[in-house]
There are 2 protein chains.
Amino acid sequence: MRSFAICGALDTTELHELAQLTRHVCLESEATVFAQANIATSFFNVHEGTLRQYKLLPDSRRQILGFALPGDFLGLSSVPQHEFSADAIGRVALCQFSKESFATFAENRPRLLCRIIEMAGRELARAQEHMVSLGRRSAEEKVASFLIGWRDRLSGIGRGGEILPLPMRRLDIADHLGLTVETVSRTFSKFERNGVIQIFAGSVVLLDVPRAETLSGIVD
Amino acid sequence: MRSFAICGALDTTELHELAQLTRHVCLESEATVFAQANIATSFFNVHEGTLRQYKLLPDSRRQILGFALPGDFLGLSSVPQHEFSADAIGRVALCQFSKESFATFAENRPRLLCRIIEMAGRELARAQEHMVSLGRRSAEEKVASFLIGWRDRLSGIGRGGEILPLPMRRLDIADHLGLTVETVSRTFSKFERNGVIQIFAGSVVLLDVPRAETLSGIVD
DNA sequence: AGGTGTCGTTGATGTAGATCAATCACCGGA
DNA sequence: TCCGGTGATTGATCTACATCAACGACACCT
């Protein structure tokens, strides 16, 4: 439970009470947590692993909205149906709450509600930053800022380190950045040729962070 | 005050109390409400008019995140600085609250907090839908889905009607959709040629909504 | 009325990234 | 061991949209 990001807003008694409402779920790779347009009956909290959250167009084009990591909240929706789909990249452990019982629990706990607002704000900020990438950055800038952003998120949950794991496939990165696999692959190769990164199976090493930051268009 | 979207969560006494914290502000066209990276000291609620919310890259590329309309909340941020800039498109009337005093007021009013969570969820959903446009839709689809979405938002606040006002300039639409002015203009012209819309200064009429919906890629 | 600035539109041309296609590495199963 | 499937990479070609350029319609000022 200690990885549950909203727990900071709860005391020991409350934590115990919340634990009563929690169901622990483990998912195999590629398993679906929920699908777009399904009725949302549960919230989820990521305990371990990585998920992709995505929307599909009728002709099966896909936009990956983001990747969820431990501590992230899933299914916070203002409408009864899920607005997007979510599935597991590799094995994933989740905490599941019924929407109803969680709502009852949270209803009269302002500190918890404030924490949720704060998390929603953070998520919105990430979405906005991503809109900049999708709308106004070149392929190189998209890939570079993705790598920097991914590294920062991982360090934010204490998973920082020399090697940067990339559990998602190239196609996922492409569908996240509004590019094709080929362009993502070419950009990775180019970065490696230029000594910015080193590519391994399922991970990269950021050899030249300042360079990557420049390429990402964060700095002038 | 009645247009304040969060008011539904308050009783008459509370409304009165909140009114004490409110400062009414009027802005001329092009006036800035707040700028990216400025310290956020206030929340705003749009009372009348339209605003653009945008992020700038160092080289002055711009991504318009969205347009704010009456009832919308501005400045809900998880960090002390504003994450984006906001300025007026035409004359705008706002309600301003100091962040601090609003926080104190909201702190122990769970119903209000829930309302804010709901609004944040709605905003996040809009952002996600927009990511699909930016990442995976063609220029035509972007423009068509923008028109449909704009119409729906206006009807949602009781401003629906035959003619669809577009207070923002073509450049704003371009920076919103990740296109250039020229492409937006060409697409508008094409739609008009094909009898989908009729163009006027500052507005359009949607002549063929089903067609526009098809073009937007919402339907097959 | 003439001058100046902004905005929208249209045309000609260029290019970043998509599409099409082939190859290679890797893995799990027969 | 061979074989089929998936993912990553690279090359050749194509195209949607950007870029560059020009012009017309207004609005505002003097």
Side-chain angles (χ1 to χ4, degrees), chain A residues 28-30 52 57 59-64 87 89-90 133-147 165-194 196-204 215 217, chain B residues 28-30 52 57 59-64 87 89-90 133-147 165-194 196-204 215 217:
Chain A
E28 295 302 311
S29 188
E30 312 303 313
R52 59 186 152 243
L57 289 177
D59 65 353
S60 91
R61 279 175 287 178
R62 183 177 67 151
Q63 176 63 46
I64 292 191
D87 52 34
I89 297 175
S133 280
L134 289 170
R136 286 293 176 231
R137 289 207 242 252
S138 69
E140 270 194 26
E141 292 170 329
K142 284 177 179 183
V143 173
S145 60
F146 167 71
L147 290 174
L166 294 176
M168 69 294 282
R169 297 164 305 171
R170 294 288 187 268
L171 180 59
D172 293 327
I173 299 177
D175 283 346
H176 183 47
L177 299 178
L179 299 170
T180 58
V181 215
E182 293 93 329
T183 301
V184 171
S185 183
R186 271 186 253 272
T187 308
F188 269 76
S189 302
K190 190 173 176 186
F191 285 173
E192 186 168 50
R193 253 194 328 274
N194 298 347
V196 180
I197 62 171
Q198 192 165 359
I199 303 174
F200 296 96
S203 67
V204 297
L215 285 166
Chain B
E28 295 301 312
S29 189
E30 312 302 312
R52 59 185 151 243
L57 290 177
D59 63 354
S60 92
R61 279 174 288 179
R62 183 176 66 152
Q63 176 63 46
I64 293 192
D87 54 31
I89 297 175
S133 280
L134 289 171
R136 285 294 177 230
R137 288 208 242 252
S138 70
E140 271 195 24
E141 292 171 329
K142 284 177 179 182
V143 173
S145 60
F146 167 70
L147 291 174
L166 293 176
M168 68 295 282
R169 299 165 303 174
R170 294 287 187 269
L171 180 59
D172 292 328
I173 299 177
D175 282 346
H176 183 47
L177 300 178
L179 299 170
T180 58
V181 216
E182 293 93 329
T183 301
V184 171
S185 183
R186 271 186 252 272
T187 308
F188 269 76
S189 302
K190 190 172 175 188
F191 284 174
E192 186 167 50
R193 256 195 326 276
N194 299 346
V196 181
I197 63 172
Q198 193 165 0
I199 303 174
F200 297 96
S203 67
V204 297
L215 285 166

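Every heavy atom of this structure was used, including side-chain atoms; hydrogens, water molecules and symmetry mates were not. Note on naming: letters A, B, ... go to the chains in the order of the sequence lines (proteins, then strands), and numbering restarts at 1 for each one.
Between the CZ atom of B/R193 and the P atom of C/dT9 there is a distance of 12 Å, rounded to whole Å. Rounded to a whole Å, the CZ atom of A/R170 is 10 Å from the P atom of D/dT10. Between the CZ atom of A/R137 and the P atom of D/dA18 there is a distance of 17 Å, given to the nearest Å. Regarding A/I197, its CD1 atom lies at a distance of 9 Å from the P atom of D/dT9, rounded to whole Å. Straight-line distance from the CD atom of B/E192 to the P atom of C/dT9: 8 Å, rounded to whole Å. As a whole-Å value, the separation of A/I199 CD1 from D/dG7 P is 18 Å. We find that CE of B/M168 is positioned 15 Å from C1' of C/dC7, with the value rounded to whole Å. For the pair B/I173 CD1 and C/dC7 P, the computed distance is 13 Å after rounding to whole Å.
Nearest to the side-chain atoms of A/T183 among the listed nucleotides D/dA18, C/dT9, C/dA18 stands C/dA18.
For the pair A/D175 and A/R170, the salt-bridge criterion is not met [side-chain N within less than 4.0 Å of a carboxylate O]. Using a cut-off of 4.0 Å between Lys/Arg side-chain N and Asp/Glu carboxylate O, B/R62 and B/D172 are scored as salt-bridged.
Looking at A/K190 and A/R186, their side chains never come closer than 4.5 Å, going by heavy atoms from C-beta outward. Residues B/I199 and B/F191 have side chains not in contact (no heavy-atom distance under 4.5 Å, counting atoms from C-beta outward).
The closest donor-acceptor contact from the side chain of B/R52 to the backbone of B/D87 lies at 3.5 Å or more, if one exists at all.
OP1 or OP2 of D/dT10 sits under 4.0 Å from a side-chain N or O of A/S189. The side chain of A/T180 contributes no N or O atom lying less than 4.0 Å from OP1 or OP2 of C/dG17. Not one side-chain nitrogen or oxygen of B/S185 sits closer than 4.0 Å to the OP1 or OP2 atom of C/dG8. Remark: A/R169 is in phosphate contact with D/dG7, judged by side-chain N or O atoms under 4.0 Å from OP1 or OP2. Phosphate contact (OP1/OP2 of D/dT10, side-chain N/O of A/R186, threshold under 4.0 Å): absent.
Across all strands shown, A/G178 has heavy atoms under 4.0 Å from sugar-phosphate atoms exclusively, and none from any base.
In terms of polar N and O atoms assigned as donor or acceptor, the side chain of B/E182 comes within less than 3.5 Å of the base of D/dC20 in a complementary pairing.
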